[in-house]
Participant: 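Just passing along the structure, written as structure tokens.
Values below: all heavy atoms of this structure, side chains included; hydrogens, waters and symmetry mates excluded. Each residue takes its place number in the sequence, starting with 1. Just so you know, ligand 1 is whichever comes first in the structure, and atom 1 is the first atom listed for that ligand.
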Amino acid sequence: MKAAVVKEFGAPLVIEERPDPEPGPGQVRIRLEASGLCHTDIHAAHGDWPVKPVPPFVPGHEGVGIVEKLGEGVTHLSVGERVAVPWLGSACGRCEHCLSGWETLCGSQVNTGYGCDGGYAEKMLARADFAQAVPDGVSALDAAPLTCAGVTTYKALKVAGVGPAQLVAISGVGGLGHLAVQYAKIAGATVAAIDVTDDKLELARELGADIVIDARTQDVAAELKRHGGAHAALALAVNPAAFAAVNSGLRRGGKLVMVALPAHGTLEIPIFDTVLNGTSVIGSIVGTRQDLDEVFRLHAAGRTRVVHETRPLTAVNEAVDEVLRGEVKARIVFDLGTGG
Ligand code: NAD
Ligand code: ZN
Ligand code: ZN
């Protein structure tokens with residue numbers, strides 16, 4: 001099987017021929033059909049964050065494919081079933097976080113494409129308990145971006161407690177943001193979408209954004225304040241200045257939800273304004289298996305639209321450059337054999 005491998009941080013990925021991996025107890029082997037390129041994979045390949053993966057590794061945590069072999073003890077999945085393999089590759093199931101519905105905070109979790117090999121390959125292994133069944137009517141190409149971009153933004157809006165009659169700022173209309181706009185609309189909110197490219201701002205409008213703000217030419221905080229200030233802001237742009245801009249655009253009692261993970265990112269938070277205005281700053285990391293199930297069900301019901309462009313896995317390095325140059329409409333998905 002072919003895999004795209006990070007051999008060294010910052011170096012181009014290498015397409016390598018590897019033997020098919022053998023599923024151990026509790027694992028399954030999946031023949032991948034589609035695999036999304038999340039900006040996190042670029043951070044992983046660059047070694048951007050304080051906790052680093054260990055090269056060589058195969059990135060990718062939006063892998064979707066068909067179960068082709070069951071490891072010992074796996075009874076709830078069958079060969080031939082379509083599953084998705086998210087960032088949360090496994091969690092302990094016993095700690096306070098796992099037991100209280102916060103498995104995404106488990107200290108013993110293993111992350112797909114980071115702590116174990118991921119979906120930039122023709123085949124991969126997954127923990128069967130964390131491989132999510134994809135419902136009928138959701139294609140592999142659509143399921144891939146939902147597996148991280150979808151579940152992450154869906155959860156971030158839950159964390160913010162977004163409801164109707166609220167103004168929600170979506171900062172960055174990329175892979176994550178294009179789905180965030182739609183989930184915020186489903187929650188009934190008024191959506192202000194912020195980006196720095198014309199294509200993304202146009203896409204945000206198409207997907208239902210009520211207000212679009214061009215951060216190149218407009219004062220983001222002032223624009224949000226002109227509309228009363230945001231009840232919640234999702235920081236999805238890989239740029240610390242964009243976090244500061246939406247934080248300043250919150251209304252009293254508003255919530256900033258940090259999601260993007262720029263390298264060495266820090267945000268200076270004014271104590272006086274935060275205290276007097278009663279604003280909150282919250283970190284949000286992906287979503288649980290339950291959240292992902294809800295995301296898939298919304299899509300199966302026709303409530304969301306996934307915008308993707310396909311590429312062959314052999315174009316992985318060009319695809320990374322396209323994302324970094326901001327040229328991708330929303331999400332690149334590697335087509336590993338969907339037949340179209
Ligand atoms: P992306 O590159 O597809 O999207 C980023 C978007 O931000 C682009 O549309 C870009 O034009 C826009 N942007 C750039 N500068 C901006 C600015 N100053 N103001 C407004 N918009 C601006 O990336 P993505 O795949 O959507 O991921 C975004 C970030 O989220 C990455 O850092 C990724 O690692 C992180 N992430 C976090 C989680 C989590 O669980 N917290 C999950 C997935 C991804
Ligand atoms: Zn745990
Ligand atoms: Zn991701």
Side-chain angles (χ1 to χ4, degrees), residues 35-46 48-49 59-63 86-88 90-114 118-119 144-156 159 169-181 192-201 203-204 212-216 218 220 233-246 257-263 265 282-287 291 307-309 319-320 322-332:
S35 194
L37 193 180
C38 178
H39 208 119
T40 288
D41 303 330
I42 303 178
H43 295 305
H46 289 175
D48 272 348
W49 299 333
H61 54 275
E62 288 187 348
W87 173 254
L88 190 66
S90 67
C92 81
R94 292 179 303 276
C95 70
E96 66 172 288
H97 307 295
C98 284
L99 293 176
S100 60
W102 282 96
E103 60 193 19
T104 49
L105 301 182
C106 177
S108 310
Q109 67 186 275
V110 177
N111 298 124
T112 310
Y114 211 86
L146 295 172
T147 301
C148 180
V151 74
T152 297
T153 51
Y154 179 73
K155 180 65 161 202
V159 164
I170 304 295
S171 171
V173 189
L176 268 62
H178 93 284
L179 287 158
V181 166
I194 305 149
D195 208 286
V196 289
T197 76
D198 296 335
D199 286 355
K200 307 282 173 86
L201 294 170
L203 176 65
V212 298
I213 304 173
D214 185 340
R216 290 168 303 188
Q218 291 176 285
V220 171
L234 265 51
L236 310 175
V238 194
N239 178 343
F243 283 59
V246 280
V257 186
M258 293 190 175
V259 176
L261 289 153
I282 312 165
S284 187
I285 178 76
V286 295
D291 296 318
V307 177
H308 50 64
E309 302 173 20
V320 165
E322 285 178 81
V323 174
L324 290 175
R325 286 197 302 265
E327 290 170 3
V328 180
K329 200 162 186 198
R331 199 52 136 200
I332 284 182

Participant: Check whether any heavy atom of S284 sits under 4.0 Å from an atom of ligand 1.
Facilitator: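 A heavy atom of S284 does come that close to ligand 1.
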Participant: Between the side chains of R216 and D195, is the shortest nitrogen-to-carboxylate-oxygen separation below 4.0 Å, so that they form an ion pair?
Facilitator: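 Answer for the salt bridge query: no.
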Participant: Any N/O/S atom, backbone or side chain, of H39 lying under 2.8 Å from the Zn ion (ligand 3)?
Facilitator: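 No, outside the cut-off.
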Participant: Look at atom 12 (C) of ligand 1 and say which protein heavy atom is nearest, naming residue and atom and giving the distance to 0.1 Å.
Facilitator: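 Checking every protein heavy atom, the shortest distance to atom 12 (C) of ligand 1 gives D195 OD2, 3.2 Å.
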Participant: Answer yes or no for H97: is there an N/O/S atom below the 2.8 Å cut-off from the Zn ion (ligand 2)?
Facilitator: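 For H97, the answer is no, given that no N, O or S atom comes within less than 2.8 Å of the Zn ion (ligand 2).
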Participant: Any chance you could measure I213, atom CD1, to L201, atom CG, to the nearest 0.5 Å?
Facilitator: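 Going from the CD1 atom of I213 to the CG atom of L201 covers 9.5 Å.
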Participant: Tell me whether ligand 1 is touched by M258 - counting only heavy atoms on the residue side and a distance under 4.0 Å.
Facilitator: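 M258 does not count as a contact of ligand 1 under the 4.0 Å cut-off.
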Participant: What N, O or S atom of H61 is found closest to the Zn ion (ligand 3)?
Facilitator: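 Considering only N, O and S atoms, H61 comes nearest to the Zn ion (ligand 3) through NE2.
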Participant: Please confirm whether W49 approaches ligand 1 to less than 4.0 Å, judged on its heavy atoms.
Facilitator: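 Yes, W49 has heavy atoms under 4.0 Å from ligand 1.
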Participant: Nearest 0.5 Å please: distance from the CZ atom of R331 over to the CG atom of L146.
Facilitator: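 These two atoms lie 10.0 Å from each other.
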Participant: What protein heavy atom lies closest to atom 33 (C) of ligand 1? Include the residue and the distance to one decimal.
Facilitator: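 Protein heavy atom with the smallest distance to atom 33 (C) of ligand 1: T40 OG1, 3.4 Å.
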Participant: To 10 degrees, how wide is the angle SG (C106) to the Zn ion (ligand 2) to SG (C95)?
Facilitator: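 Answer comes to 120°, rounded to 10°.
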Participant: Which value, rounded to the nearest 0.5 Å, describes the distance between H97 atom NE2 and E103 atom CD?
Facilitator: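 Result: 12.5 Å between the selected atoms.
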Participant: To the nearest 0.5 Å, what is the distance between CG on L37 and CD on E309?
Facilitator: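 One finds 11.0 Å between CG of L37 and CD of E309.
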Participant: I'd like to check which ligand 1 atoms, numbered from 1 as shown, lie under 4.0 Å from a non-hydrogen atom of V323.
Facilitator: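 Reading through ligand 1 atom by atom, the close ones are 2 (O).
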Participant: Report yes or no: does a heavy atom of C148 sit under 4.0 Å from some atom of ligand 1?
Facilitator: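 Distance cut 4.0 Å: C148 passes for ligand 1.
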Participant: Only heavy atoms count here, so choose which of H178, H39, H61 is nearest to atom 24 (P) of ligand 1.
Facilitator: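 Shortest heavy-atom distance from atom 24 (P) of ligand 1: H39.
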Participant: With heavy-atom distances below 4.0 Å as the criterion, list the atoms of ligand 1 near T152.
Facilitator: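 Reading through ligand 1 atom by atom, the close ones are 38 (C), 39 (C), 40 (O), 42 (C).
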Participant: Using the rule side-chain contact (heavy atoms from CB on, under 4.5 Å), only one of V159, V257, V246 pairs with L234; which is it?
Facilitator: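 Exactly one candidate clears the test, V257.
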Participant: List the closest protein heavy-atom neighbour of atom 28 (C) of ligand 1: residue, atom name, distance to the nearest 0.1 Å.
Facilitator: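 The answer is L236 O, 3.2 Å.
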Participant: Kindly give the heavy-atom pair with the smallest separation between V181 and A193, and that separation in Å.
Facilitator: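 Distance-wise, the nearest heavy atoms are CG2-CB, 4.3 Å.
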Participant: Quick one: angle C38 SG - the Zn ion (ligand 3) - C148 SG, to the nearest 10°?
Facilitator: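 Taking the Zn ion (ligand 3) as the apex, I get 130° for this pair.
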Participant: Please state which option from G326, G287, A237, A260 has its nearest heavy atom closest to atom 30 (O) of ligand 1.
Facilitator: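 Shortest heavy-atom distance from atom 30 (O) of ligand 1: A260.
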Participant: Rounded to the nearest 0.5 Å, how far apart are CG of N111 and CH2 of W87?
Facilitator: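 So the gap between those two atoms works out to 4.5 Å.
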Participant: Angle at the Zn ion (ligand 2) between SG of C98 and SG of C92, to 10°?
Facilitator: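 Value returned, to the nearest 10°, is 110°.
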Participant: Could you tell me which atoms of ligand 1, counted from 1 in the order shown, lie closer than 4.0 angstrom to a heavy atom of I194?
Facilitator: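 The atoms of ligand 1 under 4.0 Å from a heavy atom of I194 are 20 (C), 21 (N).
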Participant: Ignoring hydrogens and geometry beyond distance, is a side-chain donor-acceptor pair present between D41 and H61 at under 3.5 Å?
Facilitator: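 Yes - a donor-acceptor pair under 3.5 Å links their side chains.
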Participant: Rounded to the nearest 0.5 Å, how far does CZ of R94 lie from SG of C106?
Facilitator: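 C106 SG to R94 CZ: 8.5 Å, rounded to 0.5 Å.
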Participant: For atom 37 (C) of ligand 1, what's the nearest protein heavy-atom neighbour? Residue, atom name and distance, please.
Facilitator: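 Scanning the protein heavy atoms, the shortest distance from atom 37 (C) of ligand 1 goes to V259 O, 3.0 Å.
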Participant: Heavy-atom distance under 4.5 Å between the side chains of M258 and I282, does that happen here?
Facilitator: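 Heavy-atom side-chain distance check fails, nothing below 4.5 Å.
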Participant: Counting each atom of ligand 1 from 1 as listed, which ones have a heavy atom of V196 under 4.0 Å away?
Facilitator: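 Contacts of ligand 1 toward V196, numbered from 1: 11 (O), 13 (N), 14 (C), 15 (N), 16 (C), 17 (C), 18 (N), 19 (N), 22 (C).
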